[in-house]
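What follows is one structure encoded as structure tokens, with my remarks underneath.
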Amino acid sequence: MTQPGNSREQSLIEAFVGLADTLVDDYDIIDLLDRLASYSVTLLAADAAGILLADQQGTLRVLASSNEESEMVELLQLQAEQGPCLDCVHTAAPVSVPDLTDAAGRWPDFVAALDAGAYRSVHALPLRLRGQAVGALNLFGRQPGALADADLALGQALADVATIGILQERAIRRSEVLSEQLQTALNSRVIIEQAKGVLAERGELSMDAAFGRLRNHARNRNQRLSQLARLIVEGELAPGDVLLAALAAQPAPVDER
Amino acid sequence: MAEAGAVAQRLLAITRDGAGGAGLAGQICRACVDGLDVDGAAISLLTESPSRETLCATDATAARVEELQFTLGEGACVEAATTGRPVLVPDVWEASREGRWPVFAAAVAEQTAVRALFALPLQLGTINLGVLDLYRTTPGTLAAAGLRDAMRAADTAAGMLLGLRTDPGDGQWWDQSWASHAEVHQATGMVIAQLGVDAEEAFARLRAYAFSQDRLLGDVARDVVARRLRFSDEMA
């Protein structure tokens, strides 16, 4: 949620430093988008955030989510068929639904799923590239309401930074890089879902908590999410190691001074 | 939504009857050669174990490239298999000069007419179904549309090969919707942990269970994720 004063400024600095960090080194689209989703929730008036990118078929696919429960990921995926995200990607412009009750006629399945998740509003911001949108950042709110102009501008800035990040590395040299990276990222996402399943089963955790352990372990070791996930799924890293180590290394709560 | 590419469309039209893994791979390779700006194609299965197998090669050149990679243990296809990323080599001669797979690139340049090589992994998560190798005798990248089409074809081909390998006898091929269902993958992970099997086997068990209960795979997956259903060795 939006925080007042210095704390928000601090979070903002952390967000841009964190996003920039993922760009410096060898990185994965998934790690970058995962950070974008988390920062969107920290910095903007959103209770959940998710990112979809268009695959080779033009179908929107979930790449990252601030909440990794099955229901949330499925709700996001539903937007491949209907909802503001599709319109946002087609028009490369933000699409806002301040109150979902007004949109029930237009997107019945999506609105029903939002309702089941107790969300009341949704805003889709495009990930823009040369006048087109390659995907969208979706912000979900538990209260109805428009997104404040400042939040809209900041959300779009975060989305733009992430899009630049997706492309910056080899884009200048090679035009096929987006297809290639996207293909890899979509498969990484499948591996991450499988790894969440392994950890959820072994640790008796929810999918969201399982993802939290995976993310902590990866960040503490400066490892890519997809690499760590692969090791877990292929049985080369015992799930217990991740479950225990990640527990011990839970980040301390942010100092609110 | 955008239509699937021409090659992927043609793949989807392949019928089930009698096609084993090699037969299916052959049809996939031929569809790629017909529909893409390439001269030949091959599908090989590379695993950690020494059991490497070329399922299909459309001509002697394609077969030779596969053979070289297996013998030398390096090359675009090997890299695609180990990294899970597409490996696109617009000019093998240049790769040879750059020192990328030096022995392989030199051997290809010397022994074959291949100039461009595109290796696309066939995979679903950690499940490795092989690598689709496409070659051309002229250098250059695949045009953006061609590349997209090739990648769509690889996705479709991976699904079909997986469908065949995990077939419980339901007569179904491959359901495009499986790939985008997070719960199917999460359930696969849970079954990996429940049974101590690998991802392909876990997926096969889920599919077999769905078939035996006359239910949809997605519904069974949802039950597993919600912990209403657990897999045990006795269930098989």
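In the text below, chain A, chain B and the rest are named by the order of the sequence lines, each starting its count at 1. Here the structure is a predicted model, which is why all the values come from computation and not from measurement. Hydrogens, waters and symmetry mates are skipped; everything else that's a heavy atom, side chains included, is used.
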Pick from B:Arg222, B:Arg227, B:His181, B:Arg230: which one has the most heavy-atom pairs with chain A under 4.5 Å?
B:Arg227

Closest-packed option against chain B by number of heavy-atom pairs under 4.5 Å, given A:Arg189, A:Arg230, A:Glu74, A:Arg61
A:Glu74

Could you tell me if the side chain of B:Glu183 sits less than 4.5 Å from the side chain of A:Glu193, heavy atoms only?
no

In terms of heavy-atom proximity below 4.5 Å to chain B, should A:Ala195 be classed as side chain, backbone, both, or neither?
neither

Within residues 201-209 of chain A, which residues come under 4.5 Å of chain B, heavy atom to heavy atom?
A:Glu201, A:Arg202, A:Glu204, A:Leu205, A:Met207

Most heavy-atom pairs under 4.5 angstrom with chain B, which of A:Gln183, A:Gln77, A:Glu81?
A:Gln183

Sequence neighbours excluded, every pair satisfying side-chain hydrogen bond (donor to acceptor under 3.5 Å, both in side chains) that has a member inside residues 107-118 of chain A:
A:Asp115-A:Arg120

In terms of heavy-atom pairs under 4.5 Å, which option from A:Leu186, A:Leu199, A:Leu76, A:Thr184 contacts chain B the most?
A:Thr184

Chain A contact via B:Thr188 - side chain, backbone, both or neither, heavy atoms under 4.5 Å:
side chain

Turns out that what part of B:Ala199 lies under 4.5 Å from chain A's heavy atoms comes down to side chain

Roughly how far apart are B:Asp155 CG and A:Asn187 CG, rounded to 0.5 Å?
8.0 Å

Identify the heavy atoms of A:Val190 and B:Leu124 that sit nearest to each other, and give their distance.
CG1-C, 4.2 Å

More than 12 heavy atoms of other residues, nucleotides or ligands under 6.0 Å from CD of B:Gln213: is that the case?
yes

About how many Å separate CD of A:Gln194 and CD1 of B:Ile192, when rounded to the nearest 0.5 Å?
5.5 Å

Does any heavy atom of chain B fall under 4.5 Å from the side chain of A:Val73, the backbone, both, or neither of them?
side chain

Please examine the side chains of A:Asp55 and B:Met151, heavy atoms only from C-beta on, and report whether any two atoms are closer than 4.5 Å.
no

Can you measure from CD1 (A:Ile191) to CD (B:Gln123) and round to the nearest 0.5 angstrom?
6.5 Å

